[in-house]
Student: 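Below: one structure in structure tokens.
Whatever order the structure lists them in is the order used to number ligands and atoms, beginning at 1. Excluded from the calculations below are hydrogen atoms, water molecules and symmetry mates; all remaining heavy atoms, backbone and side chain alike, are included. The first residue of the sequence shown is numbered 1, and numbering continues consecutively from there.
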Amino acid sequence: MLDELLATWIGRQRWFGGKGRPIDGLWIESDVELTPGLRHLVVAVRQDDSRERYQLLLGERTVLPERLGHALIGTLGDTYLYDAVHDSDRTGWLLDGMAREQDHNGLRLRHMPGATIDTSPRSLVLGAEQSNTSLVYGDAYICKLFRRLVPGVNPELEIVTALAARDAPHIAQPYGWIETDLDGTDTTLAFMQEFLSAANDGWDLALTSVRDLYASLPEVPAAEAGGDFAAESLRLGSATARVHHELAAAFPTDVIAVHEVKRMAEGFRRRLGRAVAEVPELREHVSVIEQAYHEVDLLTSEVPVQRVHGDYHLGQVMRTPTDWVVLDFEGEPGQPLQERRALSSPLRDVAGMLRSFDYAARHLLAGHPEAGRLEPRAQEWADRNRAAFLEGYAEGGGVITEADATLLRAFEMAKAVYEVVYEARNRPAWISIPLAAFRPRS
Ligand SMILES: Nc1ncnc2c1ncn2[C@@H]1O[C@H](COP(=O)(O)OP(=O)(O)O)[C@@H](O)[C@H]1O
Ligand SMILES: O=P(O)(O)O[C@H]1O[C@H](CO)[C@@H](O[C@H]2O[C@H](CO)[C@@H](O)[C@H](O)[C@H]2O)[C@H](O)[C@H]1O
């Protein structure tokens, strides 16, 4: 049966959010033929008390070409069923549908007003480690299929469209989207943007710099190493401040009054409680984390809030030949939509990127035979780039007051807690990276 095949297959997918827990049941909520040999499925997966929905493109062939062997889900009778995102003979249907603004069995395919879509490029699945699946069409477009579905408009579509309408810099131009009704609510299934073919991912660029530093013998200060990244971190800080400014102009803003600020700390604590229950390694760090949260209780100034990125890290920014571009405005993939759309302090994004500099510096140390010798170098690289980012943020008009330092530290702790859970679920070999955030610093 198809549901049984899917239940075995889905648990192994990178984008499946429920890894590490047994699947108690999977059922098919909708199954729509898009074109012969291509079906769109929404499946619901039950694990413990939770129920999550995912979307799949299911391909059907009686002969499976070798190039699709890795995408095989299973066979039913003499039909091969496979993950059709990998089948460029079939994925052109999506591009064509957006170009023609097609309505098809409950799916609505749309393009941005005034956009013309070239339907000729064929797709490739992006090889990146992702929470979703992105199809790159030639070097023109990247179309992200949101794998886990929650009813509602995806914040990425909402934010990028609003920023593009303001001609805001530092974003990739939006081209189109696909939507359907889920529980009677308009729900985004996919979002297509300009593909930045000549750009490099911030994470890759940062790692190149870290590698250069580690390889420099005799050891030179980070500032003198060949691939110093600080000038880029500074530009990125400035671009981040501009994006925050645009977000504040495009969406409503508010302030959290002093007597309400404690609620933020309560939210952090609730998430910490859930995280400790799931990842026991966190237990020994609770007092350090709690201390950072306690400082928030004592704040005596109100906190400005606005729409933010929500899951800001080096993998979400790309350096084009001329600029930094910010991607993936959909917030932390595991959080409820309401939380992802909630107004928050922009310091949350600043903290996310600061954590990412720590990640970049330390990720090569996990399991490295010379980790002890390299640790101070990692710290030096992280400190230098964190400082440059903050300097650029201030230069770009982002304000970080002294009182903000308390909030920034709490946001960093909260992000590291989130990361510990994320790594425990997805990349257990990396868990030491966020855990290092709780170690006392000299
Ligand atoms: N517009 C784009 N142009 C080029 N590459 C992109 C673009 N958008 C995303 N990418 C690449 O895809 C990766 C994952 O994209 P992201 O939006 O973060 O997906 P996810 O939400 O699944 O994590 C990015 O790190 C980047 O390398
Ligand atoms: O990009 P996503 O929206 O899928 O974000 C999730 O995955 C990220 C990893 O790909 C994860 O980021 C963590 O690892 C990054 C290095 O791979 C590092 O730069 C980030 O600082 C760190 O948080 C992100 O947390 C998660 O939501």
Side-chain angles (χ1 to χ4, degrees), residues 13-17 19 85 124-148 154-157 159-160 164 170-175 188 190-207 210 236 275 309-320 323-335 340 348-364 366 382 385-386 389 411-412 414-427 429-437:
Q13 303 312 303
R14 169 69 176 82
W15 41 262
F16 179 63
K19 278 201 279 299
V85 294
L124 273 177
V125 174
L126 191 81
E129 288 244 314
Q130 273 189 281
S131 311
N132 297 295
T133 299
S134 291
L135 300 179
V136 177
Y137 288 93
D139 58 9
Y141 313 116
I142 178 164
C143 180
K144 191 195 289 190
L145 295 177
F146 298 107
R147 286 298 195 162
R148 195 172 68 89
N154 189 283
E156 189 165 10
L157 172 64
I159 287 183
V160 176
H170 309 301
I171 55 161
Q173 287 313 305
Y175 275 97
T188 316
F191 176 42
M192 190 165 83
Q193 276 179 288
E194 157 196 17
F195 180 61
L196 306 167
S197 57
N200 288 299
D201 186 292
W203 173 251
D204 292 340
L205 291 173
L207 284 197
V210 173
L236 179 59
H309 183 282
D311 188 20
Y312 202 45
H313 59 80
L314 285 162
Q316 314 281 39
V317 290
M318 296 196 82
R319 181 70 163 91
T320 70
D323 216 354
W324 278 104
V325 171
V326 178
L327 305 167
D328 200 10
F329 285 86
E330 57 158 344
E332 288 171 356
Q335 300 307 315
R340 294 197 266 144
R348 182 168 156 200
D349 290 344
V350 174
M353 193 54 79
L354 294 180
R355 289 281 321 121
S356 207
F357 287 119
D358 255 29
Y359 252 77
R362 290 178 195 289
H363 119 281
L364 297 171
N385 287 284
R386 287 163 58 101
F389 177 78
F411 274 121
E412 270 206 72
K415 182 72 185 183
V417 168
Y418 165 83
E419 289 167 343
V420 167
V421 175
Y422 181 87
E423 300 303 354
R425 288 183 187 167
N426 295 288
R427 306 181 291 200
W430 288 36
I431 199 166
S432 61
I433 304 174
L435 284 173

Student: If hydrogens are left out, which of H313, E419, E423, R427 has an atom nearest to atom 14 (O) of ligand 2, that is, the closest non-hydrogen atom?
Tutor: R427
Student: Give the atom numbers and elements of ligand 1 that come within less than 4.0 Å of a heavy atom of F195.
Tutor: 3 (N), 4 (C), 5 (N)
Student: If you count the atoms of ligand 1 from 1 in the order shown, which ones are under 4.0 Å from a heavy atom of E330?
Tutor: 21 (O)
Student: Closest by any non-hydrogen atom to atom 25 (O) of ligand 2: pick that one out of W15, W203, Y418, Y422.
Tutor: Y418
Student: If hydrogens are left out, which of S356, A206, G331 has an atom nearest to atom 19 (O) of ligand 2, that is, the closest non-hydrogen atom?
Tutor: S356
Student: Going by side-chain hydrogen bond (donor to acceptor under 3.5 Å, both in side chains), name the residues that satisfy it together with W324, two or more places apart in sequence or in a different chain.
Tutor: E232
Student: Determine whether any heavy atom of G315 lies closer than 4.0 Å to an atom of ligand 1.
Tutor: yes
Student: Ignoring hydrogens and geometry beyond distance, is a side-chain donor-acceptor pair present between E423 and Y359 at under 3.5 Å?
Tutor: yes
Student: May I ask you to check whether L126 has an N/O atom sitting below 3.5 Å from an N/O atom of ligand 1?
Tutor: no
Student: Classify the contact between T133 and ligand 1 as side chain, backbone, both or neither, using a heavy-atom distance cut-off of under 4.0 Å.
Tutor: neither
Student: Which atoms of ligand 1 sit under 4.0 Å from any heavy atom of D201?
Tutor: 24 (C), 25 (O), 26 (C), 27 (O)
Student: Does a side-chain N-to-carboxylate-O contact under 4.0 Å join D311 and K415?
Tutor: yes
Student: With a 4.0 Å heavy-atom cut-off (strictly under), which part of H363 contacts ligand 2: side chain, backbone, both or neither?
Tutor: neither
Student: Got an N/O contact under 3.5 Å between D328 and ligand 1?
Tutor: yes
Student: For N200, does its backbone N or O pair with a side-chain atom of R319 as donor and acceptor, under 3.5 Å?
Tutor: no
Student: Please give me the minimum heavy-atom distance between F411 and A351, naming the atom from each residue.
Tutor: CB-CB, 3.5 Å
Student: Select one of side chain, backbone, both or neither to describe which atoms of I142 lie under 4.0 Å from any atom of ligand 1, heavy atoms only.
Tutor: side chain
Student: Between I171 and A164, which heavy-atom pair has the shortest distance, and what is it?
Tutor: CD1-N, 3.5 Å
Student: Heavy-atom contacts under 4.0 Å between N132 and ligand 1: side chain, backbone, both, or neither?
Tutor: both
Student: Select the closest option to atom 4 (O) of ligand 2 among G352, G310, P434, S131, judged by heavy-atom distance.
Tutor: S131
Student: Return the set of residues passing ring-ring contact (aromatic ring centres under 6.0 Å, His included) with F195 (not counting sequence neighbours), or none when no residue passes.
Tutor: none
Student: Salt-bridge test for K144 and D328: reply yes if a basic N is under 4.0 Å from a carboxylate O, no otherwise.
Tutor: yes
Student: Using heavy atoms and a threshold below 4.0 Å, how should the contact between E194 and ligand 1 be classified: side chain, backbone, both, or neither?
Tutor: backbone
Student: From the options V317, D323, V325, L327, select the one residue that forms a side-chain contact (heavy atoms from CB on, under 4.5 Å) with H170.
Tutor: D323
Student: Is there a heavy atom in R147 that sits closer than 4.0 Å to ligand 1?
Tutor: no
Student: Is it the side chain (CB and beyond), the backbone, both or neither of D328 that lies under 4.0 Å from ligand 2, heavy atoms counted?
Tutor: side chain
Student: Is it the case that S131 and R147 place a side-chain donor and acceptor less than 3.5 Å from each other?
Tutor: no
Student: Do you know which of E419, H363, R386 makes side-chain contact (heavy atoms from CB on, under 4.5 Å) with D358?
Tutor: R386
Student: Below 4.0 Å from any atom of ligand 1, is there a heavy atom belonging to A199?
Tutor: no
